[in-house]
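Each remark here refers to the structure printed beneath this line.
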2 protein chains.
Amino acid sequence: MTDAHLGLAGQLARLPQRQVLSDDVYETVKGLIMDSVVEPGTRLNIDALTRELGISQTPIRESLARLESDGLVIKEPLRGYRVSSRLTREEFEDLFEYRLHIEPWAASRAAERSGSEDLARLKAEMLSYTDVPDRPSYESYRAMAAHDQRFHDLVLELAGNETARLSFQRTHCHLHLFRLYYGGGIATKALREHKVVVTAVRKGNPEEAAAAMRSHIEASRARLRPIFDTLSD
Amino acid sequence: MTDAHLGLAGQLARLPQRQVLSDDVYETVKGLIMDSVVEPGTRLNIDALTRELGISQTPIRESLARLESDGLVIKEPLRGYRVSSRLTREEFEDLFEYRLHIEPWAASRAAERSGSEDLARLKAEMLSYTDVPDRPSYESYRAMAAHDQRFHDLVLELAGNETARLSFQRTHCHLHLFRLYYGGGIATKALREHKVVVTAVRKGNPEEAAAAMRSHIEASRARLRPIFDTLSD
DNA sequence: CGGCTCCAGATCCTATAGGATATTGCGTAC
DNA sequence: GTACGCAATATCCTATAGGATCTGGAGCCG
């Protein structure tokens with residue numbers, strides 16, 4: 001009867017663990033896609049997922065429905081789900097055009113609005129991922145991508161426009177770029193170059209580090225272009 | 001085994017109707033929210049929906065999961081789903097700040113890029129809703145809101161950036177604004193402003209198109225604010 | 001060789017049962 | 001009169017089985 005209180009956001013925030021299986025499945029499958037464990041176009045068999053994850057169909061169906069809404073999978077009626085394709089060249093250009101339109105603006109707004117606490121958070125995030133391990137691994141690159149995502153999201157948050165922030169988040173740009181980078185075994189080469197950069201940085205050699213990073217970015221660009229071209233066929 | 005073909009976008013476009021019950025439920029519930037049949041904060045009982053719609057839980061759960069991803073409902077673990085709240089004052093301001101950043105830019109891009117076919121579509125959409133009834137009714141306003149949504153979406157489409165378009169769509173701004181108010185009499189002014197935008201786009205004048213869109217959104221915001229304030233009491 | 005039918009497999013949808021959790025109401029103690 | 005604890009109910013979440021429908025390929029016929 002008297003349940004008209006809408007101040008339940010605070011109560012929800014108080015719950016650390018979600019206790020809902022669907023969310024775990026959602027994150028799991030999202031991780032599988034993000035880590036390129038499943039390639040684009042792969043069919044996601046619901047029955048197989050029930051066996052592999054050891055749970056029933058219901059939470060898996062809910063997760064896949066949400067993932068479809070996110071654009072990460074595609075539902076083909078009466079045929080099942082498939083992992084959606086990676087970025088095409090055109091989508092890549094669109095995505096960066098959009099980012100070039102939103103993020104500089106968000107940064108300027110953040111510069112106008114941020115107080116000392118905000119700046120502290122930004123600094124903390126910047127410092128939160130500085131140690132690149134000697135042996136570059138798959139996990140380390142993923143951590144780097146996660147850090148990058150948190151950083152950009154924080155800028156949007158400090159801009160003070162929640163609508164813009166959500167809108168930007170829903171592009172899943174980091175996730176798509178992450179998938180792109182890890183396609184076709186390119187990750188290993190990228191990680192090797194990362195190691196060169198790290199080595200140069202640890203040696204305290206600015207010129208060498210700059211050169212390594214420059215060559216890494218150029219190589220990365222060179223690696224990405226043919227991927228766009230092959231996917232455009 | 002050999003199902004690695006990625007050209008499935010064209011195949012999907014060939015299927016007009018999906019034949020999947022979940023989509024019908026999704027549209028149905030979305031319509032219930034959009035028409036304010038269910039008020040914000042209302043609990044969406046799954047068992048009740050199974051009885052009312054005469055179907056089982058599975059498609060309803062998938063629909064609700066997608067609606068949650070859209071931000072239209074909120075899932076409270078072990079308590080159920082609720083219709084999400086209407087816009088707060090702050091969200092209202094954020095939304096229009098975002099629109100003022102995106103849509104004028106989109107209009108200018110549309111003015112630059114649009115060919116004759118695009119311009120024909122724009123004109124057709126503009127002419128598709130011209131008769132504003134003397135006595136504004138719920139139905140007429142709903143038709144106006146649908147037209148307004150198509151118009152703004154079309155501008156985003158003509159801007160040629162699918163990322164920006166999807167990002168804008170996912171704000172569901174028209175849906176939220178529709179829920180915010182259904183008074184009457186405002187349609188005529190909005191249609192006049194749409195016409196100014198179309199004229200500028202057809203002239204291929206980016207600056208003029210952006211300015212027209214900007215003034216339209218600002219005017220729209222000014223029209224909605226007082227209504228919003230009265231509802232916030 | 002092309003076109004057709006039939007069958008196996010996969011998927012979607014339904015139905016039902018049981019465990020887990022939150023809400024509600026009542027009774028008791030202070 | 002108020003606060004606390006406890007049981008009953010309702011709801012959500014999970015699990016499992018089975019029918020209906022569609023896809024894909026093998027095999028047969030013209």
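Numbers restart at 1 for each chain; the letters A, B, ... are given by sequence-line order, proteins then strands. It should be emphasised that the depicted structure is a prediction, and the values quoted were computed from it without experimental measurement.
- Side-chain atoms of I55(B) lie closest to dT14(C) of the nucleotides dC13(D), dT14(D), dT14(C).
- Under 4.0 Å is where a charged nitrogen must lie from a carboxylate oxygen, and between E68(B) and R82(B) no such pair does.
- Distance K75(A) NZ to dT11(C) C1': 11 Å, rounded to the nearest Å.
- Looking at heavy atoms from C-beta onward, R165(A) lies in side-chain contact with Q169(A) at the 4.5 angstrom threshold.
- Between D70(B) and R170(B), no side-chain nitrogen of the basic residue sits less than 4.0 Å from a carboxylate oxygen of the acidic one, so the salt-bridge criterion is not met.
- Look at CZ on R61(A): it is 8 Å from C1' on dT11(C), rounded to the nearest Å.
- The closest side-chain heavy-atom distance from L67(A) to Y26(A) is below 4.5 Å.
- Atom CZ in R82(A) sits roughly 14 Å away from atom P in dT23(D) (whole-Å rounding).
- Note: CG (D47(A)) to P (dC12(C)) measures 9 Å, nearest angstrom.
- Candidate nucleotides dT11(C), dT14(C), dT16(D) were compared by shortest atom distance to the side chain of S56(B), and dT14(C) ranks first.
- Contact annotation: the side chain of Y81(B) never approaches that of N45(B) to less than 4.5 Å [non-hydrogen atoms, C-beta and beyond].
- For the pair R61(B) and E62(A), the salt-bridge criterion is met [side-chain N within less than 4.0 Å of a carboxylate O].
- Between its two ends, the helix from dC1(C)-dG30(D) to dC30(C)-dG1(D) turns its axis by 20°, counting five pairs per end and rounding to 10 degrees.
- Residues D94(B) and R99(B) are not paired through a salt bridge, judged by the lack of any N-O separation under 4.0 Å between the basic side chain and the carboxylate.
- For the pair Y81(A) OH and dC12(C) P, the interatomic distance rounds to 7 Å; values are reported in whole Å.
- Side-chain atoms of Q57(B) lie closest to dT14(D) of the nucleotides dT14(C), dC12(D), dT14(D).
- In this structure, of dA15(D), dT11(C), dC12(D), it is dT11(C) that holds the atom nearest to the side chain of N45(A).
- At whole-Å resolution of the value, CZ in R51(A) and C1' in dT16(D) are 14 Å apart.
- Note: CD1 (I46(B)) to P (dT21(C)) measures 17 Å, nearest angstrom.
- Between the CD atom of E62(B) and the C1' atom of dC13(D) there is a distance of 16 Å, rounded to whole Å.
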